[in-house]
Amino acid sequence: MEILLAAVVVLDSTLRLATPLILAALAGLFSERSGIIDIGLEGKMLGAAFAAGCVAAVTGSAWVGLTAAIAASVLLALLHGYACITHRGNQVVSGLAINILVSGLTAFLAVAWFAQGGRTPQLPDSARFLSMEWPGADVLDAVPIVGVVYGELLSGHNVIVYLTWLAVPAVALALYRTRFGLRLRAVGENPFAVDTAGVSVSGVRYRALVCAGVLCGLAGAYLALAQSAGFLRDMTAGKGYIALAALIFGNWRPVPAMLACLLFGCLDAVSIRLQGASLPGLGEVPVQLVQALPYVLTVVLLAGFVGRGVAPKAIGVPYTKEG
Amino acid sequence: MTTSPTEPVPRTSRSAIPSGDETVTAANGAPAVELRAVDKWFGQVHANRRVDLSVSSGTVHGIVGENGAGKTTLMNILYGFYRADRGQILIAGKPVVFRNSGDAIATRIGMIHQHFMLVETFTAVENAMLGAEGSPLLGPAGRRARRKLAELEREFGLQVPMDVPVGELPVGQQQRVEILKALYRGADILVLDEPTSVLSPREVEGLFRILRTLAGRGKTIILITHKLAEIMAATDRVSVMRSGAVVAHRRTADTTVSEIAELMVGRQIRPASRGVPVEPGRSLLDVDRVTVRDSSGVARVHDVSFSVRAGEIVGIAGVAGNGQSELLEALAGLRPVATGRILVDGEPAVSDSRDRRRRGVAHVPEDRRRSGLVMPFRACESAILGYHHDPRYGRGLRLDWPAVSSDTRGRMETFDVRPANPQQRTAELSGGNQQKLMLAREVERATKVLLVGQPTRGVDLGGVEFIHDRIRSLRDAGKAMLLVSANLDEILDLSDWVMVMAGGRIMGKVPAGRAAERDLGLLMGGVRKSDVPDRAP
């Protein structure tokens, strides 16, 4: 029973930790399936978190904060698009530039506006997304297993977590069952085919980037308004890159990418759980080693398993008619 | 459905699948397609000069011309991919203005590009639907597409597997998917750009049958090619283009191959002469039981032995992918030899291309874009690749650009590279001129052996003649030459000896004069004939 409880606690925190990763990975999926490398997931998420923190602190509303987060992230995505689609710039350079710009700018603006050492003011609970208890959780609590699973695992998350659960099938449907998805996949494989079919390559790519912006906005808002109570300097801490790794590991497909994110989230959860714990035969595990685990796994997975992945064929190549 | 220049043309998304009961054949008897005085410049290059063209409905109309004659540009204008700088397009007698391919599609023009415009990971159904889905959800759109494609398949005899990613289909079938795609969009006018360049002879026959059927059912076909045999076999009428202009229109039945050839190059083509074979001298290239493996360790060339003597051309024929490329690269020192020896003029050579150059072995690679030239380089930069240590081009660390440039100009003139401008970007030269530039670089350095891969791939008629003459004169000058070509006629034309490779082995070596095409065909298929001298174990 105790083991079950421990497992549920780890799984529960896996879900919480994986949520921003899943959102960012889905965002990356939109851009990259359209042929635009999206190394700027990190920057878009961070910018969104900052916008969410500021606006929620000023207005006192989580929803207005979320809207601001999405707007900020979409703007950054459009900036990426303007550089890479309209002006055919290098997509990696543009993405990195966005990451560096946002990292510096958010810290600077936070200090300038709020003077709290690079963070936005601590948000009251009313300006955050709080856990929502599902009806009947307290009644079922007494029932073994079901009670724990229902009460801890399913119930008791915030609205963005649930939105993320809906986002995965929604993105899969959009990608495989809609006209937009068909054009999106085509433009990432062979933009010439899309152009000769009378569809605007730039149009499809810009739309894909806007979708990516919205999802990154959700991820950033989650960090600032749900996981923490405000924006912290560089609070994304490499989550954008881990999401990108998960996307690649998941072969640019929604469900495998989600599973990869859950794996990373789970490792993160386990590492938190292991801190200070002493393992039989090993003694106390050094905190730093445990914290490094998700990153080590990223490297191992990318080096060892992703070699066979099939990237969208036209990824990274700006589209020019003259070929 | 025609439009005037003032009205915007309806976009495909709104009229995805035309009903199919109206055709472009106008009742007034106007030609299906008419171009009037079309001009197009790319920077300084005048790609199309006042082109007039008229194509009657329900016919197969050929447009023939050498590489760079402006055929493809003209058709891209007709398809709305480029815009003409001047001139007028009339479809069924009504003037139209195309701002993009969507406008052309809406006017029922379909284009089959030389490089297929297919998404390889998509099925035929998905490819056909793309851009003409008709509804935001794919479910109903897919079912509609499937029904419509089944009808088209029946009507025109264009069978293709519907649910396999097209990248897994043979090229002939991919092309059918392209044709189906155009018909699906309601095309009445089909433009095919060099459709046979990727097809096997059997697939070509199949394609021509399909074109006949299409024309028989009222579709108008425009066939762009530089192969004269195809014009004679498949078209009703033909227009000849030369340096951007249309120089003649003919009824195919009233003309001959030699007349069109003459119109195309602007002078008479003399029949290929075999020349007088020189008595071969000593052996300059000896290949002794060589095995070559690819990067994954699979043997691509098995235990091959032969020799090439001074003053002879040995041609290697075979279906592509049977080890010819790997053998050629190993001989050029680009690929390590797993077992066996390569001797140049009696001395063993190591697997290093610089070593080959020192020994007087030059190599014209098979794929000029991949390994022969650097496309963004200026011609003079491409022309010294691999020979930049030559003291003529400068001393020490410095390159003497004026010297490089004037040396290159001389070479370009000798090899008839047009334009003979050393500052021209390599990519801006036509395929034939790129090939000549590469030959100009290598030929002089081949003091003993010249290895040539696909010397005339993508080269036009005049260029082929020139390149063949050069190769023969090198042979006559006493070089040992090894020729690899996918073009059997070329092998038979040039070689003194023909070797056939299949499955990485040499199936036989026969004197070119005695080589019957049927026997070579058998050898290519890996069937060995007992009466063919056989040097492979």
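Each chain gets a letter, A, B and so on, in the order its sequence line appears, and its residues count up from 1.
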So, the part of B/His115 with a heavy atom under 4.5 Å from chain A: the answer is neither
Review point. Do B/Tyr79 side-chain atoms and A/Thr196 backbone N/O form a donor-acceptor pair below 3.5 Å?
Key: yes
Taken in chain and number order and not counting sequence neighbours, the residues that satisfy salt bridge (Lys or Arg N to Asp or Glu O under 4.0 Å) with B/Glu178 are B/Lys181
Do the side chains of A/Arg179 and B/Met129 get nearer than 4.5 Å, heavy atoms only?
no
| request: Decide yes or no for B/Leu138 and A/Tyr176: does some side-chain heavy atom of the first lie under 4.5 Å from some side-chain heavy atom of the second? | output: no
>> Would you say that B/Phe122 contacts A/Arg185 through its side chain, given a criterion of any heavy-atom pair below 4.5 Å between the two side chains?
In response: yes
For A/Ala197 and B/Arg185 the tightest heavy-atom approach is CB-NH1, 3.6 Å
Q) Any side-chain heavy atom of A/Asn190 within less than 4.5 Å of one from B/Phe116? A) no
The complete set of salt bridge (Lys or Arg N to Asp or Glu O under 4.0 Å) pairs with one or both residues in residues 109-122 of chain B, sequence neighbours excluded, reads A/Lys313-B/Glu120
Honestly, the part of B/Leu130 sitting under 4.5 Å from a heavy atom of chain A is both
